[in-house]
Amino acid sequence: MLNLKVNDIDLEVEEGLTVLQACEKAGVEIPRFCYHEKLSIAGNCRMCLVEIENSPKPIASCAMPATNGMNIKTNTQKVEKARAGVMEFLLANHPLDCPVCDQGGECDLQDQSMYYGLDKSRFKENKRVVPDKNMGPLIKTQMTRCIHCTRCIRFATEIAGVPELGTIGRGEDMQITTYLEQSIQSELSGNLVDLCPVGALTSKPYVFEARPWELKKTETIDVMDAVGSNIRVDTYGWEVKRILPLINEDVNEEWISDKTRYAYDGLLNQRLDTPYIKYNNKFEKASWKEVFKIIKSRIENTSKDKICGFVGDLTNMETSYIFREFFNRIIENNNYESRSRDKFLDFSNRKNYLFNSTISGIEQADLIFLIGANPRYEATILNARIRKAYSSKRTKIFSLNDVGDLTYPYEALNGQIQTIKDLIEGKNNISQELINAQKPIVILGESLMSSKSASYVFYSIKEFLMKNNKITDDWNSFNVLSNDASTVGNYDLNIFKEDINLIVDLKKHKFDILYLVGQDNLNFEKKSEFIIYQGSHGDKGAEIADVILPGSAYTEQNGYFTNLEGRLQKAHKASYPPGEAKEDWQIINELAEFISKKRLFKDKDELESSMLNFLNLKNENLTNKKFVTPVTFVNENLNIQTKNYYFSNVIARASKTMLDCNNSKIKFESTGTNG
């Protein structure tokens, strides 16, 4: 520990901190533009100047290590004069754009010039002009405003792993630009907007939409993937205007993916806002009573074992739970499923489908082995953690398949399941590396779980890790990477069919009634089935439906989601469903009342407490089945099948911004450039 003084206050801090961090420990605010705690130190804005005893001139506190016995002054006349001088230089070329700048009201330069700046400038020269850059469909540039803090360059290189930004020129002619005028090929590029302390980089889809003080801010959870990033939804009236990250060091730190940030315009497009009934292959508007009447009649005139239901990838847990209760108590069967394709899973233990090492635990790993996974597109924020582990510890990373650029170097194997067999039997050099590693991480992707050899790899890898003490109370190396927001929550609620394969039976047309709740990913050709579709968007599920029940999107209802590491989080209502649409749980509750004259649950609180009780009881009563012997080995070449990143769910598919991103990526790939 170090003993030092900040403004005559004695302070004890850990070794390795900078002067700026020590001042913050003392509760003293230091202005800064270039410094950011997640990025490397640049020390080029000089706004954080402080005075240190026996130092002839002010020093940049972000770049100076704290030492024992230091006497730091942050509020002297000398410091104030130095900061005012720096601010005068920063504003020398800055345009007077505040009234039309999207950063207005949230601008670090605006705030700090009010506090530390002067009311006049001594510079009389003409201001420089810098041409705007092409950074793709997400980032609007106004580079004349740039103050050369280089946060964007450091983020792109260090966090995103795409070194596509850099500087050209020197002094007043210095410019920040993308190489070859290409759009930034990163799924994290939107974070540049948050990092920019001025209005040089702003959000292109949000341009001139609203001022920050006009927006209602709601803290909630993202559903674009299974990571469960913490986000803030800003709404104007009932319309979602933008989505920003919330800091949660255990999940997403302070970053979010571009799909999370920009797919919100899909909430406005292709919305279902009234019930529909299909007559002569044409949808006609109907009332809730009419559609309920038709559904009741169909259910009463159909054998109960001929009715099945599927829950979708964005469905909250309350909806899944009431859907399950609807089938158990009203339909009186358990023909419900949450998987949209034939996928192996062992439900005997909750840890069999979780990311057990946790997202934050990735940073502790000394070896990572990917089997049938492409985390860059399946879980972007998790991939950023893997890159962080590589950047800070040079963690060894292996992948069974070559899955392209993951933003960090890895050793790609031949993609054969035989390689896994060799590893288990100790015939592969990676086998010994796994055994020698202190905290290895093995990640099984959904592409593996959908393959013929899924059960063999699952059990044999698990047995290998247990045998070598890599699955203990302190550290669990065995991880399954889920892709969708509702996957783990649905497994926890037992929304699956173990004894028979519902998907196979569905494709054989063994059911007469099919009830889909937000399920748009079924690869299914309709014949004579009567299909009820409940959801928020007119997508694939609505196309094949006979009756459409308009539901709500994730921003329009409260609901729980469990992320891929098993963390239960609550999404909060930020907006309202359009037209006659209702919350999903409410539709199922009212349909149950229409059929049986009795509601399943009195209100949302009763539903929520019943669901949480079910989860608690399940956890208490969960007994591990006897460990199953590895099934017969099937040698095959494992194919990685990832959804199109920008069109992975109904909201993203309805988003014009995601379409622009996809087109930009296709254009980038067709030119043959690689940034």
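Quick note: numbers below take in every heavy atom, side chains included, and nothing from hydrogens, waters or symmetry partners. Throughout, numbering of the chain's residues begins at 1 and tracks the sequence. Remember, predicted model here, so these are calculated numbers, not experimental data.
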Can you find a pair of side-chain heavy atoms, one from L493 and one from L615, that are under 4.5 Å apart? yes
Any donor and acceptor pair, going by atom type alone, linking the side chain of E325 with main-chain N or O of F327 inside 3.5 Å? no
Identify each donor-acceptor pair in which a side-chain atom of residues 479-489 lies under 3.5 Å from a protein atom, sequence neighbours left out, and give them as a table.
residue: N479; atom: OD1; partner: N356; partner atom: N; Å: 2.7
residue: N479; atom: OD1; partner: S357; partner atom: N; Å: 2.7
residue: N479; atom: OD1; partner: S357; partner atom: OG; Å: 3.3
residue: N479; atom: ND2; partner: S357; partner atom: OG; Å: 3.0
residue: N479; atom: ND2; partner: V442; partner atom: O; Å: 3.3
residue: N479; atom: ND2; partner: S477; partner atom: O; Å: 3.0
residue: D484; atom: OD1; partner: K643; partner atom: NZ; Å: 2.9
residue: D484; atom: OD2; partner: K643; partner atom: NZ; Å: 3.4
residue: S486; atom: OG; partner: G312; partner atom: O; Å: 2.8
residue: S486; atom: OG; partner: D313; partner atom: O; Å: 3.0
residue: S486; atom: OG; partner: N490; partner atom: ND2; Å: 3.4
residue: T487; atom: OG1; partner: D484; partner atom: O; Å: 3.2

Those residues at least two apart in sequence (or on a different chain) that pass side-chain contact (heavy atoms from CB on, under 4.5 Å) with L506 are C308, F310, F511, L514, L522, F524
If only atom types and distance count, is the side chain of N401 paired as donor or acceptor with the main-chain N or O of N639 below 3.5 Å? no
I want to check something: taking the side chain as every heavy atom from C-beta on, are D492 and Y353 in contact at a cut-off of under 4.5 Å? yes
With distance as the sole test, does Q586 use its side chain to make a donor-acceptor pair with the main-chain N or O of K582 at under 3.5 Å? no
Is there a donor-acceptor contact under 3.5 Å from the side chain of N616 to the main chain of L612? yes
Spacing of CD1 belonging to I532 relative to CG belonging to D546, to within rounding of 0.5 Å: 9.0 Å
Under the rule for side-chain hydrogen bond (donor to acceptor under 3.5 Å, both in side chains), what residues qualify as partners of E378, not counting sequence neighbours? none
Residue K452 excluded, over 12 heavy atoms near NZ under 6.0 Å: no
If the condition is side-chain contact (heavy atoms from CB on, under 4.5 Å), which residues does S297 pass it with, not counting sequence neighbours? N301
The complete set of side chain to side chain donor-acceptor pair (under 3.5 Å) pairs with one or both residues in residues 536-545, sequence neighbours excluded, reads D539-R653
Keeping to residues at least two apart or across chains, list the ring-ring contact (aromatic ring centres under 6.0 Å, His included) pairs with something in residues 546-597. F292-F594
How far does OG of S203 sit from CD1 of I139, to the nearest 0.5 angstrom? 9.0 Å
Going by the side-chain contact (heavy atoms from CB on, under 4.5 Å) test, name the single residue among P577, P578, S575 that passes it with S552. P577
If the plane angle is over 60° it's perpendicular, under 30° parallel, otherwise tilted; pick one for Y515 and F326. perpendicular
Specify the closest pair of heavy atoms between L188 and A384, including all atoms of both residues, with the distance to one decimal. CD1-CB, 4.0 Å
Give the intermediate values and the outcome of side chain to side chain contact (heavy atoms under 4.5 Å, CB included) for residues E565 and V251. CA-CA 9 Å; E565 59 184 355; V251 182; 4.0 Å; yes
For a quick check under 3.5 Å, do D342 and N501 share a side-chain donor-acceptor pair by atom type? yes
Would you mind checking if R242 and D234 are paired as a salt bridge, meaning a charged N to carboxylate O distance below 4.0 Å? yes
Nearest 0.5 Å, what's the NZ-OG1 distance between K140 and T202? 5.0 Å
Donor-acceptor under 3.5 Å (E337 side chain, R339 main chain): yes
Expected output: side-chain N191 to main-chain I256 donor-acceptor under 3.5 Å: yes
Do Y262 and S655 have side-chain atoms, one donor and one acceptor, less than 3.5 Å apart? no
Given the rule in the side chain to side chain contact (heavy atoms under 4.5 Å, CB included) test, do V291 and Y276 qualify, once you have shown the distances and angles that lead to the verdict? CA-CA 7 Å; V291 289; Y276 287 94; over 6 Å; no
Output all residues satisfying side-chain contact (heavy atoms from CB on, under 4.5 Å) with E249, sequence neighbours left out; order by chain, then residue number. K38, I247, E253
Just how far is it from atom CG of N328 to atom CG of N333, taken to the nearest 0.5 Å? 8.0 Å
Does F344 have any ring pair (Phe, Tyr, Trp, His ring centres under 6.0 Å) partners at least two apart in sequence or in another chain, and if so, which? F458, Y459
F478 vs L444 side-chain heavy atoms within contact, under 4.5 Å: yes
Would you say the side-chain atoms of S447 pair up with the backbone N or O of A373, donor to acceptor, closer than 3.5 Å? no
Check the pair Y645, T380 against side chain to side chain contact (heavy atoms under 4.5 Å, CB included), reporting the backbone distance first and the verdict last. CA-CA 10 Å; Y645 178 77; T380 306; 3.3 Å; yes
Check: F323 ring centroid to Y336 ring centroid under 6.0 Å: no
My understanding is that only residues two or more places apart in sequence, or in another chain, count here; which of them pass side-chain contact (heavy atoms from CB on, under 4.5 Å) with E593? R599
Using modelled atom types and a 3.5 Å cut-off, is there a donor and acceptor pairing between side-chain atoms of Q270 and backbone atoms of G538? yes
Mark yes or no for whether S648, through its side chain, and N644, through its backbone, hold a donor-acceptor pair below 3.5 Å. no
Any side-chain heavy atom of L370 sitting closer than 4.5 Å to one from P375? yes
Going by the salt bridge (charged side-chain N to carboxylate O under 4.0 Å, His left out) test, which pairs reach into residues 258-286, not counting sequence neighbours? D194-R261, R271-E556
Can you establish whether the number of heavy atoms outside K656 located under 6.0 Å from its atom NZ is more than 12? no
Test side chain to side chain contact (heavy atoms under 4.5 Å, CB included) on V233 and Y264; report intermediate values, then the result. CA-CA 9 Å; V233 176; Y264 64 84; over 6 Å; no
Polar side-chain atom of N352 near backbone of F347 as donor-acceptor pair, under 3.5 Å: no
With no hydrogens and no angle check, do the side chains of N335 and K497 hold a donor and an acceptor under 3.5 Å apart? yes
Between Q569 and N230, do the side chains contain an N or O donor and an N or O acceptor separated by less than 3.5 Å? yes
Sort and list the pairs that fulfil side chain to side chain donor-acceptor pair (under 3.5 Å) and have at least one residue in residues 211-222, not counting sequence neighbours. D222-T260
Measure the OG-CG distance between S664 and L659 for me, rounded to the nearest 0.5 Å. 11.0 Å
At what distance, to the nearest 0.5 angstrom, does CD1 of I595 lie from CZ of R329? 13.0 Å
Is there any salt bridge (charged side-chain N to carboxylate O under 4.0 Å, His left out) pair reaching into residues 500-522, and which pairs are they, with sequence neighbours excluded? D505-K510
I would like to know whether K241 and E239 meet salt bridge (Lys or Arg N to Asp or Glu O under 4.0 Å); could you show each step before the answer? CA-CA 6 Å; K241 286 293 185 185; E239 189 181 331; 3.4 Å; yes
